[in-house]
Amino acid sequence: MPDPVTHTLDVPGATLTYDVRGDLAERDQPVLLLIASPMGASGFPTLASYFADRTVVTYDPRGVERSVRTDGWGELSPDDHAADLVALFEALDAGPVELFASSGGAVNALALVAQRPDLISTLVAHEPPLAGILPDREAALAACEDIYQTYQRDGMGAGMAKFIALVGFEGELPADYTEQLVPDPATFGLPTEDDSSRDDALLGQNIRGCTSYQPDFDALEKAKDRLVLAVGDESRQQLAGRAGKAVAERLGLAPVTFPSNHGGFLGNEYGMPGKPEEFAARLREVLAGR
């Protein structure tokens with residue numbers, strides 16, 4: 001796999017940074033984008049290494065890592081990120097591309113496909129955390145709102161502890177979920193003191209817009225031949241996995257099981273490796289079948 005070459009792209013309100021492994025001029029070589037949100041390109045080196053036969057593109061979403069916002073600070077929606085992706089795809093000028101999108105990136109990618117299906121040959125949407133389409137949507141959205149308000153009130157450690165507890169919860173959330181025992185940040189190795197910053201990309205910028213997003217299912221229905229909904233073998237009963245299955249059900253598609261969990265494609269980028277070799281093999285198999 002070639003070393004990544006870094007580029008920047010100015011878009012309204014931000015400068016996006018993206019990396020290209022391979023040669024975009026090689027038109028006979030497929031182009032594969034790997035995206036997430038709020039995770040940036042730093043989460044994909046291991047997965048990218050398994051696709052040396054493709055030109056692989058990764059990027060940092062607006063407000064994450066190297067992609068600096070110039071529009072101040074505030075919450076973002078998946079439509080905001082979809083507009084950035086349109087600009088990125090047009091800058092790449094690579095024709096319809098393969099897109100693997102995980103977590104919030106999968107939500108953003110669904111927004112993109114609803115608006116510009118012509119840019120995508122295949123989208124593998126891995127565990128989009130669309131709390132607003134779940135049967136327990138009221139409890140799920142209340143939990144996300146509680147995380148946001150906790151972050152605004154008490155800081156990153158308190159907010160992130162609640163986030164970790166939520167994303168690992170198995171099954172539907174009870175109506176009184178937010179009234180249950182508050183997790184201790186120290187349990188997860190998180191700071192217990194508030195540093196007064198409120199610029200976290202997950203807790204301050206994306207969590208409410210992402211989880212409450214309502215996809216345009218009418219538009220997605222017209223493009224569903226380009227869509228694969230993926231769920232983790234170990235996380236299928238957690239919020240994001242359940243939401244992936246819910247999207248597939250709405251579109252009359254069968255969800256595809258991938259190895260491991262919500263971060264199954266990770267190597268040791270963040271010290272929480274999944275099963276990247278098996279995950280990459282499954283992704284290659286799915287892309288080949290399209």
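When reading the values below, keep in mind they use all heavy atoms of this one structure, side chains included, and skip hydrogens, waters and symmetry mates.
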Item to complete: Check for a donor-acceptor pair, side chain of Y151 on one end and backbone N or O of D200 on the other, with a separation under 3.5 Å.
Response: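 Yes: the side chain of Y151 pairs with the backbone of D200.
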Worksheet item: Are any side-chain N or O atoms of R250 and backbone N or O atoms of F217, one a donor and one an acceptor, separated by less than 3.5 Å?
Response: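 Pair absent, no side-chain N/O of R250 close to backbone of F217.
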Measuring only between side-chain heavy atoms, which start at C-beta, is [X] closer than 4.5 Å to [Y]?
X: I164; Y: T187; result: no
X: Y59; Y: L85; result: yes
X: R236; Y: T257; result: yes
X: V107; Y: S37; result: no
X: D19; Y: D60; result: no
X: E269; Y: F44; result: no
X: Q238; Y: V167; result: no

Which atoms form the tightest heavy-atom contact between [X] and [Y], and what is the distance?
X: L266; Y: G43; result: CD2-O, 3.3 Å
X: A139; Y: A175; result: CB-CA, 4.3 Å
X: V97; Y: A94; result: CG1-CB, 4.1 Å

Worksheet item: So which residues get pulled into V68's cluster when ILVMFWY side chains under 4.5 Å apart are joined, directly or through others?
Response: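 Via sub-4.5 Å side-chain contacts, V68 links to none.
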Worksheet item: Between F51 and F100, does the ring centroid distance fall short of 6.0 Å?
Response: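 No, ring centres 6.0 Å or more apart.
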Practice prompt. Take S103 and M39, measure what side chain to side chain contact (heavy atoms under 4.5 Å, CB included) needs, and give me the verdict at the end.
Written response: CA-CA 9 Å; S103 193; M39 190 187 80; over 6 Å; no
Fill in: Side-chain H-bond candidate by donor/acceptor type, S67 with Y18, under 3.5 Å
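Side-chain D/A pair, S67 to Y18: absent.
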Worksheet item: Does a donor on one side chain sit under 3.5 Å from an acceptor on the other, for S77 and D79?
Response: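 The criterion, which ignores hydrogens and geometry beyond distance, is not satisfied for D79 and S77.
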Worksheet entry | hydrophobic_cluster_shared for V20 and L32, side chain cutoff 4.5 Å |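 Different clusters: L32 never reaches V20 through Ile, Leu, Val, Met, Phe, Trp or Tyr contacts under 4.5 Å.
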Worksheet item: Salt bridge between D233 and R282, side-chain N to carboxylate O under 4.0 Å?
Response: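 No, this pair does not count.
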Item to complete: May I ask you to say whether D80 pairs ionically with R69, meaning some side-chain N is under 4.0 Å from a carboxylate O?
Response: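 Salt bridge between D80 and R69, a charged N being under 4.0 Å from a carboxylate O: no.
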Identify every side-chain donor-acceptor pair in residues 128-136 under 3.5 Å, counting partners at least two apart or on other chains, and give the distances.
{"residue": "D136", "atom": "OD1", "partner": "R242", "partner atom": "NH1", "Å": "3.0"}
{"residue": "D136", "atom": "OD2", "partner": "L173", "partner atom": "N", "Å": "2.8"}
{"residue": "D136", "atom": "OD2", "partner": "R242", "partner atom": "NH2", "Å": "2.9"}

Practice prompt. For salt bridge (Lys or Arg N to Asp or Glu O under 4.0 Å), just list the numbers for R284 and D53, CA-CA rounded to whole Å, side-chain angles, deciding distance to a tenth of an Å, and then say yes or no.
Written response: CA-CA 11 Å; R284 183 178 291 279; D53 59 327; 2.9 Å; yes
Practice prompt. Could you go through the ring pair (Phe, Tyr, Trp, His ring centres under 6.0 Å) check for F279 and H126 one step at a time?
Written response: CA-CA 11 Å; F279 196 102; H126 178 246; 5.2 Å; yes
Fill in: Set of residues satisfying salt bridge (Lys or Arg N to Asp or Glu O under 4.0 Å) with respect to D84, sequence neighbours excluded
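So D84 forms a salt bridge (Lys or Arg N to Asp or Glu O under 4.0 Å) with R62.
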